[in-house]
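For reference, the structure is listed below as structure tokens.
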There are 2 protein chains.
Amino acid sequence: MDADKVFKALGDPTRRKLLDLLCEQNGQTLGQLCENLEMARQSATQHLDLLEAANLVSTVKRGREKLHFINPVPLHDIYERWVRKFERQRLSLLHDLKQELEGEDR
Amino acid sequence: MDADKVFKALGDPTRRKLLDLLCEQNGQTLGQLCENLEMARQSATQHLDLLEAANLVSTVKRGREKLHFINPVPLHDIYERWVRKFERQRLSLLHDLKQELEGEDR
DNA sequence: TTGACATGCAGGTATTTACCTGCATATTAG
DNA sequence: CTAATATGCAGGTAAATACCTGCATGTCAA
């Protein structure tokens with residue numbers, strides 16, 4: 001998993017919208033997805049290319065159409081590496097800050 | 001929670017390293033954090049400002065020092081909004097793609 | 001008080017990014 | 001075959017980003 005590609009892919013509202021659109025209906029064509037975006041088709045293609053590079057979307061060609069499918073695996077990897085780690089220490093991390101704000105003896 | 005700020009903050013290796021450094025030892029000063037980065041202090045400050053804007057890091061001034069603390073809450077919010085949603089549909093999403101790859105009747 | 005130390009602030013630049021337009025290619029329908 | 005349709009490819013531009021240098025400010029210790 002390339003965390004950099006995944007986070008950068010997710011760091012754009014258009015690409016997050018594309019994921020939401022695919023979540024509503026998986027396997028949509030480029031044309032279908034474009035109907036819901038207010039930009040040129042070519043721009044949407046570039047966004048989808050980034051999502052595909054991050055392995056968040058997989059595509060299949062069917063004739064002259066290109067179908068897009070969500071791949072949830074990278075999101076799960078992000079969870080394992082970047083959420084659970086901090087989640088586990090959540091209480092103690094907040095505790096550190098609270099102590100500092102209260103100005104404990106030092 | 002501002003998903004855009006959080007994902008953009010996470011979309012840079014230096015900032016993810018900063019989070020890891022703070023996870024190892026919470027409450028570090030700017031100077032301490034800089035010792036582990038190969039860039040000018042001013043550049044590190046800019047990265048920390050973005051982490052703070054995304055609410056991933058909180059700071060407290062102590063004399064002439066500035067202490068940095070991780071805030072795990074935005075990461076948890078990301079999980080709720082962007083991981084669990086797709087996780088729930090994980091199996092069915094992969095099913096869709098498998099069907100397409102196998103070229104079921106259509 | 002004064003010098004050392006920790007950080008803040010103000011620009012400047014090279015790279016990346018998010019758009020666009022214009023044209024090419026490939027597939028299907030009639 | 002031919003026209004319509006779906007997508008691919010090749011640039012071009014304005015804005016955002018990630019660095020930097022230089023200097024200012026604030027705090028502590030001797």
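A, B, ... follow the sequence lines: proteins, then strands. Residue 1 opens every chain. On a predicted model such as this, the values are computed, not experimentally measured, just so you know.
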Q: Using a 4.0 Å cut-off on protein heavy atoms (strictly under), produce a 5'-to-3' string for nucleotides 11-17 of chain D with B for base contact, S for backbone-only sugar-phosphate contact, and - for none.
A: -------
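If you check dC23(D), dG8(D), dT7(D) against the side chain of Arg41(B), the one that comes closest is dC23(D). Side-chain proximity of Lys61(B) to the nucleotides dC20(C), dG8(C), dA6(D) is greatest for dG8(C). The side chain of Thr14(A) sits closest to dC19(C) out of dC19(C), dC19(D), dC28(D).
Phosphate contact (OP1/OP2 of dT17(C), side-chain N/O of His47(A), threshold under 4.0 Å): absent. Remark: Ser43(A) is in phosphate contact with dC20(C), judged by side-chain N or O atoms under 4.0 Å from OP1 or OP2.
Residue Gln42(A) contributes atom CD, which lies 9 Å from atom C1' of dC9(D) at whole-angstrom precision. If you take CD of Glu65(B) and C1' of dC28(D), they are 10 Å apart, rounded to a whole angstrom. When the P atom of dG8(C) is taken as reference, atom CG of Leu33(B) falls 12 Å away, rounded to whole Å. Computed from coordinates, the Gln28(A) CD to dT7(D) P distance equals 11 Å when rounded to whole Å. A straight line from CG of Leu10(B) to P of dA18(D) spans 12 Å, rounded to a whole angstrom. Rounded to whole Å, atom C1' of dT27(D) lies 14 Å from atom CG of Leu67(B). Protein atom CZ of Arg62(B) is 15 Å distant from nucleotide atom C1' of dC5(C), rounded to whole Å. To the nearest angstrom, C1' of dT5(D) lies 12 Å from CG of Leu30(A).
For the 3.5 Å distance criterion, the side chains of Glu52(A) and Ser58(A) fail to qualify, holding no donor opposite an acceptor.
Below the 3.5 angstrom threshold, one finds no donor paired with an acceptor across the side chain of Arg64(A) and the base of dT7(D).
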**Q.** Leu56(A)/Asn71(A) under side-chain contact (heavy atoms from CB on, under 4.5 Å): CA gap, chis, key distance, verdict
**A.** CA-CA 5 Å; Leu56(A) 283 161; Asn71(A) 177 16; 5.9 Å; no
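Salt bridge Arg15(B)/Asp20(B): absent, no basic N to carboxylate O contact under 4.0 Å. With respect to Lys8(A) and Asp4(A), a salt bridge is recorded, a charged nitrogen being found less than 4.0 Å from a carboxylate O.
Between Tyr79(A) and Tyr79(B), the ring-plane angle classifies as parallel under the 30° and 60° cut-offs.
In DNA chain D, consecutive stretches of 3 or more Watson-Crick or G-U wobble pairs with both distances under 3.5 Å are given as paired ranges: C:1-30 with D:1-30.
Where Lys66(B) and Ala44(A) each meet DNA chain C at their nearest nucleotide, the meeting point lying more 5' is that of Lys66(B).
Hydrophobic clustering (side-chain heavy atoms under 4.5 Å, transitive across Ile, Leu, Val, Met, Phe, Trp, Tyr) groups Leu75(B) together with Ile78(A).
Of all non-hydrogen atoms in Leu67(A) and Gly27(A), the two that sit nearest each other are CD2-O, 3.6 Å. Between Asn26(B) and His68(B), the closest heavy-atom pair is OD1-O, 3.8 Å.
If you take NZ on Lys66(B) and OG1 on Thr29(B), they are separated by 11.5 Å, rounding to the nearest 0.5 Å. Interatomic distance, CD of Gln32(A) versus CG of Asn36(A), reported as 9.0 Å (0.5 Å rounding).
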